[in-house]
Amino acid sequence: MKALFALQPLQDWRHREPVPTFAPRFRKIPAERTTLDHPNKRRLAVASDPTTNPPPPDTNDHAEVRLAKLKQIEALGVDPWGQRFDGHQPIAGIRELPCEPFDDANPGPKVRAAGRVVGRRKMGKVYFLDLADQTGKVQVMLGSKQIGDLGWKVAELLDLGDLVGIDGEFGKTKMGEPTIRGKELTFLTKSLEPHPTGYYGMSDEEYRLRHRYLDLIYTPDTLRRAHQRVKLLRTLRNYLDDKGYLEVETPTLHAIAGGAAARPFPTHHNALDIPLYLRIALELPLKRLLVGGIEKVYEIGRVFRNEGISRRHNPEFTMLELYHAYGDLFTMMDLTEGIFVACVNAIGNSRTLSYGERQIDFSQPWPRVKYADVFKQTTGVDLFDRDGVKAKAVSLKIPLELKSQESAAFSASETAPQVATTAPKEHDVLVHELFEHCVEPELAKSDKPTFVYDYPAALCPLTKRKRDTPELAERFELYVAGMELANAYTELNDPITQEATFRRQLTGLSAEDSMAKMDEDFVRALRHGMPPAGGLGIGIDRLVMLLTNTTTIRDVILFPLLRQE
RNA sequence: GCCCCGAUAGCUCAAUUGGCAGAGCAGCUGACUCUUAAUCAGCGGGUUGUAGGUUCAAGUCCUACUCGGGGCACCA
């Protein structure tokens, strides 16, 4: 196929209609284009009929001006959409070459670069371009004498945002700027839309999100974060692979969206004519793999939750879930520290990273505090003191009853199902509200990552109870800089308890909102014997936020969900 | 779903108490073969997010809507 394209005559592209441009929201569309006409009808007509004289371009319509230049480039016999351009060197690499003042007797090293024109200055019969590729920026000098007749004509038609290739010599200008002195200019692609002018950058959040491609070019942090995200994921995978964990991929489409308490996105399979859901967690398939004898297993994958959007939530996000046969909560604690430290090392050269105003110290060991202890310390109330907890809640104006909508979320309860429109809150639920209200703000002050472990049992029905204290479950959450970064459990492997939990939750409550829907197949898997195991979940987007000092999840996800314009 | 804030030229931002919508960059024309946020001379560029309302007069005040931001709710 490639060869075919390469052999196509120039005419092929010259007589093809250009890809229609889409009028961006922020450019005013002239009145005559606003009704039934395609917004680009006028431009397309110009492009597809080179025999008639195009109307003089409106010099205030940037797209018109650029389209007119495109026509002129075509008229020179040059392909405005470019061709294969081999052998160009990364700009960052070029900049490391020996760089001497230009001297006709001693030309500098020959180089070939390709990239986007992000700056353009004219000085008489010389153009200076700033050329940027993904590795960096370099100045290019195009002198009318040096670049040839055609090259000069093309140079005069360049706009900011165009892509060009350049062959030339690398050296220094009189002002000492490292520069490629162009010998040959290869036009690679026209930009029909104006680009941001760069110097002031792009500050409008909406503009950046809806033009992420421009954001990547003109906001260095955006590209940096994208690279760091990749680096972190690679580090994570290497670390786990080295420890003998097997990475797997399990289905995204689930018949029963289990493993977490969240609303799923429904969908439908046509041939089977069955309803399906996008997964809300990775847990249940991975545990089946534990039954299947894969003793250390993990998946890094997208999960989908039909929830609100905030600076910490995107409806689709990336989770790491990991299961370790014959391990437990504390196996996961050690592993979590190891993973985080490996990631911190990959990002910087210190065990301390800044996050916002503060410095987070990742050096080990990290504090490990019992839920009950830290609860008692901050609230002054004993976890198991039902009256004391109630009184404390009253004093903090935390309501003792749930609305029916809320009750569904805590359907994983020990007590009878709550079908009434209001119901008294369960003790454990109240405890956790106090925890969120009193303890979490305290935890957020710590500059060290902190494990909180042994949670009230009703909050975690897929978790093993403590043998000596069945009111508590073997779960930890990792708090760093006020965020919940990781969650781990000693997994419940008792199918009888599991089935009872599922059944209990099914009674009288919205299955959509409840954590566990009856999953017969999963119970059957457990009945065949799942090893005791530790399980760990890490929100990858939040991990990347933390380690790249980013305050909003939108900036660690290249294309976060937005409303249609 | 709720509350608050915002939207002005391609980009970044001004516009006093309701009183002629402005600037820098970008664009167009011209000068300049060492500029680099080039410079210099000149020229264009706007249904002030949309739709209504109040007023002699609305970018500015009121209502609704759209989109975005922040918060709440939802959320292992």
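Quick note on labels: first sequence line is chain A, next is B, and so on, each numbered from 1. No experiment lies behind these values; they were computed from the predicted model shown.
Atom-to-atom, CD of A/Glu205 to P of B/G6 comes out at 17 Å; the value is rounded to the nearest Å. The CZ atom of A/Phe128 sits 14 Å away from the P atom of B/U39 (whole-angstrom rounding). A/Asp130 places its CG atom 17 Å from the P atom of B/C34, with the value rounded to the nearest Å. Atom pair A/Asp204:CG and B/G6:P shows a separation of 15 Å (rounding to whole Å applied). Between the C1' atom of B/U35 and the NZ atom of A/Lys125 lies a distance of 16 Å, rounded to the nearest Å.
Of the charged side-chain nitrogens involved, at least one lies within less than 4.0 Å of a carboxylate oxygen, so that A/Lys153 and A/Asp149 count as a salt-bridged pair.
Using a 4.0 Å heavy-atom cutoff across all strands shown, A/Gln564 reaches sugar-phosphate atoms only and no base atom. Among the atoms of the strands shown, none is found under 4.0 Å from any heavy atom of A/Gly119. Residue A/Glu177 is in base contact, counting any heavy-atom pair closer than 4.0 Å across all strands shown. Across all strands shown, A/Arg208 has no heavy atoms under 4.0 Å from either base or sugar-phosphate atoms.
A/Tyr455 and A/His432 have tilted rings, their planes meeting at an angle from 30° to 60° on a 0 to 90° scale. Aromatic ring orientation, A/Phe476 versus A/Phe451: perpendicular (interplanar angle above 60°, classes split at 30° and 60°). Using cut-offs of 30° and 60° for the angle between ring planes, the A/Tyr371 and A/Phe435 rings count as parallel.
Place A/His313 and A/Leu562 on RNA chain B by their nearest nucleotides, and A/Leu562 ends up nearer the 5' end.
Each of A/Glu474, A/Lys466, A/Arg475 was scored for a side chain to side chain donor-acceptor pair (under 3.5 Å) with A/Thr490, with one residue passing: A/Glu474.
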Close N/O contacts between protein and nucleotides 27-30 of chain B (under 3.5 Å):
| from | atom 1 | to | atom 2 | distance (Å) |
| --- | --- | --- | --- | --- |
| B/G27 | O2' | A/Thr59 | O | 3.1 |
| B/C28 | OP1 | A/Lys69 | NZ | 2.5 |

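The base-pairing partner of B/G68, taking Watson-Crick or G-U wobble contacts with both distances under 3.5 Å, is B/C5. Under the Watson-Crick and G-U wobble criteria, each requiring two contacts below 3.5 Å, nucleotide B/C56 is paired to B/G19. Pairing partner, B/C28: B/G42, with both Watson-Crick or wobble hydrogen-bond distances short of 3.5 Å. In this structure B/U63 sits in a base pair with B/A51, meeting the Watson-Crick or G-U test at under 3.5 Å.
To the nearest 0.5 angstrom, A/Ile538 atom CD1 is 9.0 Å from A/Met319 atom CE. Between A/Thr318 atom OG1 and A/Asp541 atom CG the span is 4.5 Å, to the nearest 0.5 Å.
OP1 or OP2 of B/G68 lies within a sub-4.0 Å distance of a side-chain N or O belonging to A/Arg210. Checking the phosphate oxygens (OP1, OP2) of B/G71, a side-chain nitrogen or oxygen of A/Arg311 falls inside 4.0 Å. Phosphate proximity of B/G70 to A/Arg312: absent, as no side-chain N or O sits under 4.0 Å from OP1 or OP2. At the phosphate of B/C34, neither OP1 nor OP2 sits under 4.0 Å from any side-chain N or O atom of A/Thr179. Proximity of A/Arg563 to the phosphate of B/G68: a side-chain N or O atom is located under 4.0 Å from OP1 or OP2.
Atom name P, nucleotides B/G45 and B/G22: the rounded distance is 12 Å, in whole Å. Comparing the C1' positions of B/A51 and B/C75 gives an interatomic distance of 36 Å, to the nearest angstrom.
A donor-acceptor contact under 3.5 Å is formed by the side chain of A/Thr173 with the base of B/U35. A donor-acceptor contact under 3.5 angstrom links the side-chain atoms of A/Gln139 to the base of B/U35.
With B/U33, B/C34, B/G69 as the candidates, the nucleotide lying closest to the side chain of A/Lys145 is B/U33. The side chain of A/Ser203 sits closest to B/U12 out of B/C74, B/U12, B/C34. Each of B/U33, B/G10, B/G68 was ranked by its minimum atom distance to the side chain of A/Pro194; first place goes to B/G10. Listed nucleotides: B/G69, B/U33, B/C11. Nearest to the side chain of A/Ser144: B/U33.
A/Thr550 and A/Asp555 share no side-chain donor-acceptor pair at under 3.5 Å. In this structure, a donor-acceptor pair under 3.5 Å is absent between the side chains of A/Glu321 and A/Tyr298.
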